[in-house]
Amino acid sequence: MTATDDVLVIQGDGIGKEVVPAAVRVLEATDAPLRFAAASAGDAVAEERGTPLPQETRERAADADAVLFGAAGETAADVVLPLREAVGSYANVRPARAYPGVDAVKPETDLVIVRENTEGVYSGIESEITDGVTTLTRVVTESASRQIAEFGFEYAAERDASVTVAHKANVMRQTDGTFRDAVAAVAAERDAEYETMLMDAMATDMIQHPESYDVVITPNLAGDVLSDLAAGLVGGLGLLPSANVGSDGGMFEPVHGSAPDIAGEGIANPSATLLSGAMLLDHLGHETAAENVRSAVRSVLSDGPRTPDLGGDASTDAVTDAVVARL
Ligand code: GGG
């Protein structure tokens with residue numbers, strides 16, 4: 001008998017409340033043995049309970065086989081970063097690929113950002129040292145840099161993909177120097193080939209020649225920014241899923257945020273969250289179900305209906321219905 005996996009569902013803020021239920025419907029339409037439970041986090045929870053991430057949500061995320069997360073609003077730093085820590089994630093995997101039928105600036109784009117997920121400028125060490133003077137401590141350790149390099153090279157080797165490493169060690173000499181040197185050491189131990197690029201130059205080159213990138217290993221903030229840039233190449237943030245992985249657990253979430261400008265209108269593109277659901281299925285070993293979800297999403301992106309961000313006029317529910325119908 002196949003064991004049932006426990007999935008903790010956290011909608012979060014804004015359109016998270018629309019795209020996450022869509023993804024649960026799609027996951028339920030597969031034959032994967034999943035048991036869903038809900039927990040809360042985010043801006044509204046902060047108002048009600050005085051904290052955006054109740055301890056019980058954090059503990060249940062740590063205990064779950066996987067977490068499906070929607071979007072974080074103003075409280076992002078207090079929600080999404082601790083949840084990633086709770087599930088033991090040190091790698092944030094963000095695939096960006098163009099889909100037939102969807103207008104893309106660069107249809108040849110098919111790359112994956114492998115982003116360090118625990119430190120850098122997202123360490124949360126900020127302060128106001130005097131009126132109008134604020135500081136941020138950027139933490140980069142050899143161990144976390146080695147860990148993401150091991151993950152990224154392994155991920156690339158499994159896919160026979162090339163590796164490019166983004167850094168800015170010519171300016172952030174100590175921190176990105178540590179990152180660059182740790183990646184170089186791991187590559188040498190594995191006898192792996194790779195290229196390095198300064199991350200600002202990479203931003204330009206990725207727009208001009210996205211086809212030259214397969215797997216891109218980055219520090220934390222660089223990965224956040226470059227993946228949004230890659231979203232712009234393929235048709236927008238509504239298309240990019242992500243997996244926060246590392247240890248056994250994992251959290252799967254769209255790359256987009258809470259989109260307060262369209263929240264509540266029922267027109268958010270669910271594709272990024274549905275594709276995050278496919279990554280969740282892969283992580284739990286349900287590869288056939290994952291491929292079925294990807295194929296259904298691809299088919300709907302190609303034939304419609306489409307949400308307004310992709311030039312259509314369909315609702316989140318109509319797109320989800322079409323995906324479910326194909327399953
Ligand atoms: N679902 C992604 C989300 O809520 N993003 C909001 C955000 O600001 N995230 C920062 C990050 O991904 O590190």
Side-chain angles (χ1 to χ4, degrees), residues 7-24 39-46 52-53 57-58 61 66-87 89-96 112-126 136 138-140 144 148 166 199 216 218-232 236-246 250-263 268-280 309 316:
V7 177
L8 187 69
V9 177
I10 307 174
Q11 297 180 355
D13 300 309
I15 60 169
K17 297 184 190 308
E18 299 159 46
V19 293
V20 169
V24 171
S40 53
D43 296 353
V45 181
L53 183 63
T57 299
R58 186 196 286 251
V67 176
L68 179 66
F69 180 76
E74 290 302 314
T75 51
D78 302 314
V79 173
V80 76
L81 305 188
L83 279 175
R84 289 173 182 159
E85 188 185 356
V87 301
S89 168
Y90 58 83
N92 187 201
V93 180
R94 297 181 156 192
V112 181
I113 304 283
V114 173
R115 163 191 177 195
E116 201 289 319
N117 216 14
T118 66
E119 55 181 26
V121 293
Y122 284 16
S123 304
I125 310 168
E126 278 192 292
L136 164 67
R138 181 171 197 251
V139 178
V140 177
I148 193 65
M199 60 176 78
V216 182
T218 73
N220 201 338
L221 174 63
D224 203 6
V225 174
L226 289 171
S227 52
D228 278 33
L229 182 151
L237 278 165
L239 296 170
L240 253 64
S242 81
N244 299 283
V245 287
M251 182 165 90
F252 302 82
E253 55 174 326
V255 166
H256 63 68
S258 61
D261 52 328
I262 57 162
N269 185 348
S271 305
T273 316
L274 307 189
L275 294 166
S276 302
M279 295 179 89
L280 178 151
D309 58 307
T316 309

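Both ligands and their constituent atoms are indexed starting at 1 by order of listing. FYI, the numbering just counts along the sequence from 1.
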| Pair listing, side chain to side chain donor-acceptor pair (under 3.5 Å) test, anchored in residues 221-232, at least two apart | R94-D224, R94-S227, Y122-D224
| field | Minimum heavy-atom distance S258-D13, with the two atoms named | value | CB-O, 3.7 Å
| task | Mind checking the CG-CG spacing from L280 to L68? Nearest 0.5 Å is all I need. | result | 6.5 Å
| task | Select all protein residues for which some heavy-atom-to-ligand 1 distance is less than 4.0 Å, and list them by chain and number. | result | G70, A71, A72, A76, R84, R94, R115, Y122, D224, E253, P254, V255, H256, G257
| Does the pair V245 and F252 meet the rule for a side chain to side chain contact (heavy atoms under 4.5 Å, CB included), with working shown? | CA-CA 8 Å; V245 287; F252 302 82; 4.0 Å; yes
| task | Please test L83 against V67 for side chain to side chain contact (heavy atoms under 4.5 Å, CB included), starting from the C-alpha separation and ending with a verdict. | result | CA-CA 9 Å; L83 279 175; V67 176; 5.6 Å; no
| task | Check whether any side-chain heavy atom of H256 lies under 4.5 Å from a side-chain heavy atom of N269, and answer yes or no. | result | no
